[in-house]
Amino acid sequence: QVKLVESGRALAEAGGSLGISCAASGGTFRDYTMAWFRQSPGTEREFVAAISWNGRSTYYSDSVKGRFTISRDNAKNTVFLQMNSLKPDDSAVYYCAAGRGDVKAPSYDYWGRGTQVTVVS
């Protein structure tokens, strides 16, 4: 059983930057493709970014491509999401997920509880 716990600064101004992280425990971190999803009120959970087990492959949604960067540190069992050029529309609960398979079509087995990110204009 893999446990995922998200953390990071929760509030930023539009145009600013914010970094969040997700610590994994209870499994072999490098076995998993890791990803970030987000969900805002009244909407479905949407994919944000994914990274392969070795960090060599990444995949982003069109809405964040060029602004967000996903990375991982397998020695620390942690995945990161650096968010730049933030927009109010980026406000959401951000969830960390662990799964298996290619970064573009993995099956996610484990989810964190989420961390609220708010971008104010």
Side-chain angles (χ1 to χ4, degrees):
Q1 186 75 14
V2 176
K3 181 179 180 181
L4 302 173
V5 179
E6 300 94 340
S7 62
R9 187 164 63 91
L11 181 65
E13 293 184 352
S17 299
L18 192 60
I20 56 177
S21 61
C22 171
S25 61
T28 303
F29 184 68
R30 63 180 178 273
D31 284 349
Y32 294 94
T33 293
M34 299 298 297
W36 289 96
F37 287 74
R38 67 186 182 186
Q39 187 172 21
S40 53
T43 68
E44 294 186 355
R45 190 173 298 186
E46 67 169 338
F47 169 79
V48 174
I51 188 167
S52 62
W53 70 273
N54 59 5
R56 293 178 181 174
S57 295
T58 57
Y59 184 59
Y60 297 92
S61 69
D62 288 343
S63 62
V64 306
K65 192 178 299 181
R67 299 189 299 122
F68 290 12
T69 302
I70 187 171
S71 61
R72 66 189 293 162
D73 185 338
N74 285 350
K76 296 182 178 179
N77 292 351
T78 303
V79 61
F80 306 92
L81 185 68
Q82 178 64 36
M83 302 178 281
N84 299 328
S85 302
L86 284 162
K87 306 174 183 179
D89 285 350
D90 293 320
S91 298
V93 176
Y94 282 71
Y95 297 91
C96 175
R100 298 181 186 271
D102 184 78
V103 292
K104 292 185 178 181
S107 173
Y108 291 105
D109 304 311
Y110 304 101
W111 295 84
R113 292 190 172 186
T115 187
Q116 176 70 48
V117 171
T118 302
V119 182
V120 297
S121 57

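Values below: all heavy atoms of this structure, side chains included; hydrogens, waters and symmetry mates excluded. Along the sequence shown, the residues carry numbers beginning at 1.
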## Note on the structure
side chain to side chain donor-acceptor pair (under 3.5 Å) filter on Arg45, not counting sequence neighbours, yields none
### Query
Which residue pairs pass the salt bridge (charged side-chain N to carboxylate O under 4.0 Å, His left out) test when at least one of the two sits in residues 67-88, sequence neighbours left out?
Arg67-Asp90
### Task
Supply the atom-to-atom distance Ile20 CD1 to Ser7 OG, rounded to the nearest 0.5 angstrom.
8.5 Å
### Message
Applying disulfide bond (SG atoms under 2.5 Å apart) as the test, list every pair that has at least one member in residues 25-63; sequence neighbours left out.
### Response
none
### Set of residues satisfying side-chain contact (heavy atoms from CB on, under 4.5 Å) with respect to Asp89, sequence neighbours excluded
none
### Query
For the hydrophobic clusters of this structure (ILVMFWY residues joined by side-chain heavy atoms under 4.5 Å, transitively), does one cluster hold both Ile51 and Phe80?
no
### Residue list, side chain to side chain donor-acceptor pair (under 3.5 Å) with Thr78, at least two apart or on another chain
none
### Summary
Closest heavy-atom pair, Val2 versus Gly27, reported as atoms and distance to 0.1 Å, is CG2-CA, 4.0 Å
### Query
If you take all heavy atoms of Ala14 and Ser121, which pair is closest and at what distance?
CB-CA, 4.1 Å
## Note on the structure
The complete set of disulfide bond (SG atoms under 2.5 Å apart) pairs with one or both residues in residues 50-106, sequence neighbours excluded, reads Cys22-Cys96
### Message
Testing the basics here: between Asn54 and Asn74, what is the closest heavy-atom pair and its distance to 0.1 Å?
### Response
CA-ND2, 4.5 Å
### Task
Sorted by first residue and then second, give each ring pair (Phe, Tyr, Trp, His ring centres under 6.0 Å) pair with at least one member in residues 40-72; sequence neighbours left out.
Phe37-Phe47, Phe47-Tyr59
Sequence neighbours left out, cut at 3.5 Å: what donor-acceptor pairs do the side chains of residues 97-114 make with other protein atoms?
from	atom 1	to	atom 2	distance (Å)
Arg100	NH2	Tyr32	OH	3.2
Asp102	OD2	Lys104	N	2.9

### side chain to side chain donor-acceptor pair (under 3.5 Å) partners of Gln82, counting only residues at least two apart
Asn84
### Message
Once rounded to the nearest 0.5 Å, what's the spacing between atom OG of Ser25 and atom CD of Gln1?
### Response
10.0 Å
### disulfide bond (SG atoms under 2.5 Å apart) contacts in which one or both residues fall within residues 32-64, not counting sequence neighbours
none
### Closest heavy-atom pair and its distance - Leu81, Ala49
CD1-CB, 4.4 Å
### Query
Can you tell me how far the CZ atom of Arg38 sits from the OG atom of Ser63, to the nearest 0.5 Å?
4.5 Å
### Message
With a 4.5 Å cut-off on side-chain heavy atoms, are Gln39 and Tyr95 touching?
### Response
yes
### Task
Write down the atom of Trp36, the atom of Ile70, and the distance for their closest heavy-atom approach.
CD1-CD1, 3.6 Å
### Message
What I'd like to find out is whether the side chain of Met83 reaches to under 4.5 Å of the side chain of Val117, using heavy atoms alone.
### Response
yes
### Where at least one partner belongs to residues 23-55, residue pairs that pass disulfide bond (SG atoms under 2.5 Å apart), sequence neighbours excluded
none
### Query
Looking at residues at least two apart in the chain, or sitting in another chain, which of them share a side chain to side chain donor-acceptor pair (under 3.5 Å) with Ser91?
none
